[in-house]
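All remarks here apply to the structure that follows.
This chain uses plain numbering: 1 for the first residue, then up along the sequence. What you see is a predicted model, and the numbers here were worked out from it, not measured in a lab.
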Amino acid sequence: MSDTTPSHQVRAVFNDEVITVYQAYADRIAAPALRAGTFVDPFKRARMTWIKPSFLWMMYRCGWATKPDQERVLAIEITREGFEWALANACLSHFDRTRFATEAAWRQALRTSPVRVQWDPERDFGLNPLPRRAIQIGLSGEAVDRYLDTWITSIRDVTPLAHEVHAAVVAGDEDTARGLLPAERPYPLTEDLVGRIG
């Protein structure tokens with residue numbers, strides 16, 4: 001990380017219309033989602049669902065698609081409008097006294113917000129923590145409905161890519177691994193959104 005790179009930065013694959021986020025599931029959830037183009041039964045709308053723009057953080061979370069119930073990695077394209085709605089309606093998962101006067105005010109915001117934002121250390125190829133942070137976005141209630149019904153434009157299975165990158169890492173060929181990674185870049189955010197998500 002260069003001296004000018006912020007410690008907290010949303011990095012993602014995106015174009016003018018959509019941004020790519022990742023989730024990992026068991027085949028029983030992934031296969032119907034791939035067929036339907038959105039998440040359907042047995043996916044549970046009532047549960048909080050976490051989306052992650054960072055491919056390597058997703059690899060850390062799912063252990064290169066080897067952890068139980070996380071064997072299928074999905075790349076989900078969602079509208080940028082939806083993504084930015086999520087951030088605009090988010091509450092940080094930790095108390096930040098620069099954004100909330102009291103811990104009670106933060107807890108009230110956390111209870112009522114349909115979106116939760118968490119910053120966790122970004123990961124390298126060895127899945128070791130890096131100094132910069134990657135964003136995870138938890139959707140619940142209204143946000144889950146919007147995600148499933150209006151934001152998702154496509155779902156792709158990128159499990160083979162996860163295995164290919166991992167094989168290159170295991171072989172000690174980081175140049176090949178790096179060349180396979182999705183081309184993530186800083187996502188442009190308004191000052192209001194930056195203030196909202198820290």
Side-chain angles (χ1 to χ4, degrees), residues 1-15 18-25 48-67 69-78 80 82-84 86-88 90-96 98-99 110 115-139 143 147 155-191 193-198:
M1 180 174 70
S2 73
D3 293 339
T4 57
T5 303
S7 62
H8 293 57
Q9 185 180 63
V10 178
R11 297 181 64 84
V13 174
F14 62 93
N15 60 28
V18 297
I19 177 172
T20 300
V21 295
Y22 301 97
Q23 295 190 276
Y25 286 107
M48 179 169 281
T49 188
W50 290 87
I51 57 176
K52 307 153 187 75
S54 166
F55 182 81
L56 278 177
W57 203 91
M58 184 72 260
M59 295 304 98
Y60 163 71
R61 183 70 183 84
C62 71
W64 299 104
T66 62
K67 290 184 180 178
D69 293 332
Q70 297 185 64
E71 302 93 348
R72 299 283 295 276
V73 182
L74 304 178
I76 302 111
E77 286 191 338
I78 64 173
R80 286 181 59 173
F83 181 74
E84 290 172 20
L87 299 186
C91 180
L92 288 170
S93 61
H94 65 277
F95 173 56
D96 182 341
T98 66
R99 290 173 178 80
L110 196 63
V115 181
R116 190 169 295 183
V117 159
Q118 189 168 304
W119 292 94
D120 295 300
E122 182 59 282
R123 300 286 159 164
D124 64 12
F125 285 121
L127 305 184
N128 304 299
L130 293 170
R132 65 180 182 272
R133 302 248 161 183
I135 194 170
Q136 330 306 326
I137 302 159
L139 308 175
Y147 177 56
I155 300 180
R156 289 176 294 116
D157 187 347
V158 290
T159 312
L161 174 63
H163 293 161
E164 193 176 359
V165 176
H166 187 216
V169 170
V170 169
D173 189 353
E174 287 200 4
D175 287 343
T176 295
R178 191 169 290 106
L180 291 167
L181 284 183
E184 295 167 6
R185 55 198 170 101
Y187 187 89
L189 295 172
T190 64
E191 284 187 21
L193 290 180
V194 169
R196 185 81 182 191
I197 65 173

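The shortest non-hydrogen separation linking Gln23 to Trp50 is NE2-O, 3.0 Å. The minimum heavy-atom distance linking Val21 with Tyr147 is given by the pair CG2-OH, 4.4 Å. In terms of heavy-atom proximity, Met59 sits nearest to Ala162 at SD-CB, 3.5 Å. When all heavy atoms are compared, the tightest approach of Val158 to Leu74 is CG2-C, 4.2 Å. Closest approach of Met58 and Ala24 over heavy atoms only: CE-CB, 3.6 Å.
Considering only residues two or more places apart in sequence or on other chains, Leu180 meets the side chain to side chain contact (heavy atoms under 4.5 Å, CB included) condition with Leu161, Glu164, Val165, Thr176. Arg72 pairs by the side-chain hydrogen bond (donor to acceptor under 3.5 Å, both in side chains) definition with Asp27, Asp157, not counting sequence neighbours. For Gln70, there are no side-chain hydrogen bond (donor to acceptor under 3.5 Å, both in side chains) partners two or more places apart in sequence or in a different chain. Under the side chain to side chain contact (heavy atoms under 4.5 Å, CB included) criterion, Arg133 pairs with His8, Trp119, Pro121, not counting sequence neighbours. In this structure Asp175 satisfies the side chain to side chain contact (heavy atoms under 4.5 Å, CB included) test together with Asp173, Arg178, sequence neighbours excluded. Asp69 meets the side-chain hydrogen bond (donor to acceptor under 3.5 Å, both in side chains) test with Arg28; sequence neighbours excluded. By the side-chain hydrogen bond (donor to acceptor under 3.5 Å, both in side chains) test, Tyr22 pairs with no residue at all, sequence neighbours left out. Here His163 pairs with nothing under the ring-ring contact (aromatic ring centres under 6.0 Å, His included) rule; sequence neighbours left out.
Between the side chain of Lys67 and the backbone N or O of Arg61 there is at least one donor-acceptor pair closer than 3.5 Å. Side-chain atoms of Arg116 never come within 3.5 Å of backbone atoms of Gly138 as a donor-acceptor pair (strictly under, hydrogens ignored). Of the possible donor and acceptor atoms, none in the side chain of Gln118 sits under 3.5 Å from a partner among the backbone N and O of Ile135. The main-chain N or O of Ala75 is never found under 3.5 Å from a side-chain atom of Thr20 such that the two would form a donor-acceptor pair.
With Val10 as the partner, the side-chain contact (heavy atoms from CB on, under 4.5 Å) test is satisfied by one option alone out of Val117, Val194, Ile197: Ile197.
A distance of 11.5 Å separates CD1 of Ile76 from CD1 of Ile19, quoted to the nearest 0.5 Å. Summarising the geometry, atom OG1 belonging to Thr66 is positioned 7.5 Å from atom NE2 belonging to His166; distances are rounded to the nearest 0.5 Å.
Using a 4.5 Å heavy-atom threshold, the side chains of Thr49 and Tyr25 count as touching. Between Leu139 and Met48 there is no side-chain heavy-atom pair separated by less than 4.5 Å. In this structure, Leu181 and Leu56 have side chains that are in contact, with non-hydrogen atoms separated by less than 4.5 Å. Here the side chains of Leu87 and Val115 are not in contact, with every heavy-atom distance at 4.5 Å or above.
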Margin query: Would Trp64 and Leu127 count as a side-chain contact (heavy atoms from CB on, under 4.5 Å) here? Give the steps.
Written below: CA-CA 10 Å; Trp64 299 104; Leu127 305 184; 3.3 Å; yes

Next item on the list: Just do the side-chain contact (heavy atoms from CB on, under 4.5 Å) check on Arg123 and Leu130 with the steps written out, would you?
Entry: CA-CA 5 Å; Arg123 300 286 159 164; Leu130 293 170; 5.7 Å; no

Margin query: Apply side-chain contact (heavy atoms from CB on, under 4.5 Å) to residues Glu122 and Ser54 and explain how you reach the verdict.
Written below: CA-CA 8 Å; Glu122 182 59 282; Ser54 166; 2.8 Å; yes

Donor-acceptor list for residues 183-190 side chains, cut-off 3.5 Å, not counting sequence neighbours:
| residue | atom | partner | partner atom | Å |
| --- | --- | --- | --- | --- |
| Glu184 | OE2 | Phe55 | N | 2.8 |
| Arg185 | NH2 | Phe14 | O | 2.8 |
| Tyr187 | OH | Arg80 | NE | 2.9 |
| Tyr187 | OH | Glu84 | OE2 | 2.5 |
| Thr190 | OG1 | Leu193 | N | 3.2 |

